[in-house]
There are 2 protein chains.
Amino acid sequence: MKDQPWWYGRLKESGARLTEPREIVLEILRSAREHLTATDIYIQAHRMKPSIGLTTVYRTLELLIKLGIVQKFELGEGKARFELVDKPGGEGHHHLVCLKCRKIIDYSDISNDEKEFLSRVEDRLKKKYDFKILDHLMWFYGVCRECRGS
Amino acid sequence: MKDQPWWYGRLKESGARLTEPREIVLEILRSAREHLTATDIYIQAHRMKPSIGLTTVYRTLELLIKLGIVQKFELGEGKARFELVDKPGGEGHHHLVCLKCRKIIDYSDISNDEKEFLSRVEDRLKKKYDFKILDHLMWFYGVCRECRGS
DNA sequence: ACTCAAATGACAATGATTTTCATTTTTAAT
DNA sequence: ATTAAAAATGAAAATCATTGTCATTTGAGT
């Protein structure tokens, strides 16, 4: 069982069971190109296994968030979007949001420059506010090419 | 009228009227130490002027957001929080969130280091994704001293 | 004071998320 | 394999933030 996805162990350790609905939700998140809403996930899950309920999707997401496997975002749409967290030890990624069409681009080509900078800032915050920093998120807002017109 | 707050002109230019409910909402936001929800604002506003309705609070916030006077955040609580935008020409600020108690610290001691870094990143994103970057937001997540125990 | 668009407030409607509870599934022990 | 206990599920109802409707009020310029 060497080729289980990274989150497999985390789920097991927690005592949670890897049930079919959970596998389905995880698979949908894994193959998603964009950030999905709970309903998006429900619709896809329902296609794969019609007995799955929306409630279970919500509960599964809640569990995965608590385990640090999924991250929840809200962008002022009145509904949340969900994304699989990056593999630990990976580079992390940031977000680029188009303010007009609400498109979100994830980018992960983090430069060394960027990594060094972030660790300096985290250091500074730790000293100044006595916070133990665990994570960070950077959002850039702008207008994409399509929305600016050709 | 030299000592009007910075947003006064922006409101006027837009053609919107500076009505009493709007003044009250702005005053509440100005004096808020933390990020308030619409209901928080409504409760305070209601104390000052009981005739004010929740709907008006929402509509006022919507207007102020459109004018760039107020910024809306969502942190996965299922409700939005609102904050007065920094005075134009100010430094901007970032956020430090305690994952346990959900406390949010705004910090604005942005270093030159940081400013230079951000402009480099924005440049890179512009070239790579053809996005015109207008704004950014940095969130740091961690655990505050109190929540770590003394 | 008067006019008319803008703004307001009460209430209803919407829509995402949560709760409830009876039923089904999974696990671990037999 | 069987079984008992705990965990997970699904359907439906409940909750709660936010938005829409519409009749009434207010404000800026005359």
Side-chain angles (χ1 to χ4, degrees), chain A residues 1 8 10-26 28 35-67 69-83 102, chain B residues 1 8-28 35-67 69-83 102:
Chain A
M1 306 301 171
Y8 183 84
R10 211 179 276 196
L11 204 58
K12 281 298 179 177
E13 282 164 32
S14 78
R17 296 168 181 169
L18 185 53
T19 60
E20 198 184 353
R22 288 174 182 171
E23 281 192 287
I24 289 175
V25 168
L26 278 161
I28 289 169
H35 303 79
L36 303 174
T37 65
T39 305
D40 292 340
I41 295 169
Y42 168 68
I43 291 170
Q44 287 193 40
H46 192 264
R47 261 190 232 123
M48 301 191 200
K49 187 172 195 285
S51 72
I52 287 182
L54 180 55
T55 311
T56 298
V57 171
Y58 273 106
R59 274 189 298 228
T60 300
L61 290 169
E62 185 187 16
L63 171 71
L64 296 176
I65 289 165
K66 192 161 43 186
L67 295 179
I69 296 173
V70 162
Q71 195 151 6
K72 175 179 178 179
F73 297 117
E74 291 184 78
L75 295 169
E77 301 170 294
K79 56 194 161 185
R81 291 184 176 270
F82 302 87
E83 179 184 34
R102 289 273 167 196
Chain B
M1 305 301 172
Y8 184 84
R10 210 180 276 197
L11 204 59
K12 282 298 182 176
E13 282 163 31
S14 78
R17 295 171 183 167
L18 184 53
T19 60
E20 197 185 353
R22 286 174 184 173
E23 281 192 287
I24 289 176
V25 168
L26 278 161
E27 174 53 24
I28 290 169
H35 302 80
L36 303 175
T37 64
T39 304
D40 292 339
I41 295 170
Y42 168 68
I43 290 170
Q44 289 194 38
H46 192 264
R47 262 190 231 124
M48 301 190 199
K49 187 172 195 286
S51 73
I52 287 181
L54 180 56
T55 312
T56 298
V57 171
Y58 273 107
R59 272 189 301 229
T60 300
L61 289 169
E62 186 186 16
L63 172 71
L64 296 176
I65 290 166
K66 192 159 45 187
L67 296 178
I69 295 171
V70 162
Q71 195 152 3
K72 176 179 179 180
F73 296 116
E74 291 183 76
L75 297 169
E77 300 171 293
K79 55 194 162 186
R81 292 184 175 271
F82 302 87
E83 178 184 33
R102 287 270 166 201

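Just so we're on the same page: letters track the sequence lines, and every chain starts at 1.
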To the nearest Å, how far apart are B:Arg22 CZ and D:dT26 C1'? 11 Å

To the nearest angstrom, the CD-C1' distance between A:Glu20 and D:dA7 comes to 16 Å

Identify the heavy atoms of B:Ala16 and B:Arg22 that sit nearest to each other, and give their distance. CB-NH1, 3.7 Å

5'-most contact on DNA chain C (nearest-nucleotide basis), A:Leu54 vs A:Arg59, goes to A:Leu54

How do A:Lys12 and B:Lys49 order along DNA chain C: which one's closest nucleotide is nearer the 5' end? B:Lys49

What is the distance, rounded to the nearest whole Å, between atom CD of A:Glu74 and atom P of D:dA17? 13 Å

Could you grab the distance from atom CD of A:Glu74 to atom NZ of B:Lys79, nearest 0.5 Å is fine? 11.5 Å

Walk me through whether B:Asp40 and B:Ile28 qualify under side-chain contact (heavy atoms from CB on, under 4.5 Å). CA-CA 10 Å; B:Asp40 292 339; B:Ile28 290 169; over 6 Å; no

Whichever of B:Gly78 and A:Val57 has its nearest DNA chain D nucleotide further upstream toward 5': A:Val57

Establish whether the base of D:dA17 is bridged to the side chain of B:Thr39 by a donor-acceptor pair shorter than 3.5 Å. no

4.5 Å side-chain heavy-atom contact, A:Leu63 and A:Leu11: yes

What are the two closest non-hydrogen atoms of A:Leu67 and A:Ser14, and how far apart are they? CD2-CB, 3.5 Å

Hey, what bend do you get for the helix from C:dA1-D:dT30 to C:dT30-D:dA1 if you fit axes on five pairs at each end, rounded to 10°? 40°

Check: B:Ile69 and B:Leu26 side chains under 4.5 Å, non-hydrogen atoms: yes

Any B:Thr56 side-chain N or O less than 4.0 Å from OP1/OP2 of C:dG9: yes

Would you mind reading off the distance between B:Ile43 atom CD1 and D:dC16 atom P, rounded to a whole angstrom? 13 Å

Heavy atoms from C-beta onward define the side chain here; which of C:dT17, D:dT19, D:dT18 lies closest to that of A:Ala80? C:dT17

When the distance from OH of B:Tyr42 to C1' of D:dT18 is rounded to whole Å, what number comes out? 15 Å

Would you check if A:Leu36 and A:Gln44 make a side-chain contact, meaning some heavy-atom pair closer than 4.5 Å? yes

If only side-chain N and O atoms of A:Arg17 are considered, is one of them under 4.0 Å from the OP1 or OP2 phosphate oxygen of C:dT27? no

For A:Glu77 and C:dT14, give me the distance from atom CD to atom C1', rounded to whole Å. 17 Å

Roughly how many Å is it from OH in A:Tyr58 to C1' in D:dA11, rounded to a whole number? 16 Å

note: A:Leu67, atom CG; D:dA7, atom P; distance rounded to Å ~ 15 Å

Does A:Ser51 put a side-chain nitrogen or oxygen below 4.0 Å from OP1 or OP2 of D:dG10? yes

Would one find a side-chain N or O of A:Thr19 under 4.0 angstrom from OP1 or OP2 of D:dT9? yes

